[in-house]
Structures are given as structure tokens and as C-alpha cells.
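Keep in mind it's a predicted model, so treat the numbers as computed, not measured. One is the number of the first residue; the rest follow in order along the sequence.
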Amino acid sequence: MGRLKRAGVIAVALAGLVVLGWVSYSRAAFGTWNPMAPPNRISFCDRTYYPGSHVTRAHIDTVGNGFGMFPFRQVGVTAAGTPIYAKPLPDSVRHKYPNAAPLPCDMAVYLKVGLDDYVAYGISGGP
């Protein structure tokens, strides 16, 4: 086998391993074998969130909770690099009750799917 042919086989094998790793990561982290598809679930701050309805940024900005309004910021990305946003509680608020488990970071996370289009992922279970 010539050097050029061997290098080609190695390059194809390495590319296959990279794709296999990317697909496997997408499945483990987001519940979908297709890294380009919207996630079936998003894990954030030790909680799992599942997809819900589409919302606009204006709607997101009006949503608060009993602890106040917190900044909307990017908290992660999907396997394809799509931004994930949330309005997480600061640690000082999450750990407000020292004899109890920490409060969830947020009750929803948001996947940006368009210019002003987000999919709201709601928390699984309760706080």
C-alpha cells in the first residue's frame, strides 16, 4: 500500500472517529443522535429540562419568579453550537436556606432557534 493511500485511509478513519464522538456526545448530553437537531433534553445546573412552546424575547423578559428578575444570559451550547440561555438565580439566592437542598438555577432554559424565536425548555419535576 502506498504512502498516499495509507494517509487517505488514516484520514478517513480519523474523520469517522470524530463524527462518531460528536454523535455520541449529542446522544448522551442532549438525548438525540442527530447533533444538528434540537435537543430532546437539556441539562443545566444539575437539573433536566424538556422542550415546550416557542416564545419571544419580550415574553422571556417578562417572566420572573418569587426571588426577583435576573439577567438573561447564555449558559451553554448544544452539540451543534446553538446557544442555550437562562435567567439563573445567583448562588447567594440558590443557597438561601442552609439546611435545605439548593434551589434550582432556573425553572426554564431557552434554545434560540430564530431571530426572535426561542424554544422554552421546562424543568423536569419540581423545585
Any chance you could measure [X], atom [atom1], to [Y], atom [atom2], to the nearest 0.5 Å?
{"X": "Asp106", "Y": "Ile123", "atom1": "CG", "atom2": "CD1", "value": "8.0 Å"}
{"X": "Arg73", "Y": "Lys87", "atom1": "CZ", "atom2": "NZ", "value": "12.5 Å"}
{"X": "Thr48", "Y": "Arg41", "atom1": "OG1", "atom2": "CZ", "value": "7.0 Å"}
{"X": "Ser124", "Y": "Arg47", "atom1": "OG", "atom2": "CZ", "value": "9.0 Å"}
{"X": "Trp22", "Y": "Arg27", "atom1": "CH2", "atom2": "CZ", "value": "16.0 Å"}

Could you tell me whether a side-chain N or O of Thr82 sits under 3.5 Å from a main-chain N or O of Thr78, the two making a donor and an acceptor?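 Flag not set: sc Thr82 to bb Thr78 has no pair under 3.5 Å.
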Quick check against the 3.5 Å criterion: does Asp116 have a side-chain atom that pairs as donor or acceptor with the backbone of Arg57?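 Judged by distance alone, yes, a pair lies under 3.5 Å.
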Would a single hydrophobic cluster contain both [Y] and [X], if residues Ile, Leu, Val, Met, Phe, Trp and Tyr are joined by side-chain heavy-atom contacts under 4.5 Å?
{"X": "Met107", "Y": "Val75", "value": "yes"}
{"X": "Phe70", "Y": "Tyr85", "value": "no"}
{"X": "Phe44", "Y": "Val77", "value": "no"}
{"X": "Tyr49", "Y": "Val119", "value": "yes"}
{"X": "Phe30", "Y": "Leu111", "value": "yes"}

Please determine whether the number of non-hydrogen atoms from other residues, nucleotides or ligands lying under 6.0 Å from atom [atom1] of [X] exceeds 12.
{"X": "Leu14", "atom1": "CG", "result": "yes"}
{"X": "Asp46", "atom1": "CG", "result": "no"}
{"X": "Met69", "atom1": "CE", "result": "yes"}

Non-hydrogen atoms of [X] and [Y] that approach each other most closely:
{"X": "Pro39", "Y": "Pro51", "value": "O-CG, 4.2 Å"}
{"X": "Pro35", "Y": "Ala79", "value": "CB-CB, 3.9 Å"}
{"X": "Ala108", "Y": "Ala86", "value": "O-CB, 4.1 Å"}

State which residue, out of Ile60, Thr56, Ile84, Val109, fulfils the side chain to side chain contact (heavy atoms under 4.5 Å, CB included) condition with Tyr118.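 Single side chain to side chain contact (heavy atoms under 4.5 Å, CB included) partner of Tyr118 among Ile60, Thr56, Ile84, Val109: Ile60.
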Evaluate the ring planes of Phe72 and Tyr110, with Trp represented by its six-membered ring, and classify them as parallel (under 30°), tilted (30 to 60°) or perpendicular (over 60°).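 Tilted.
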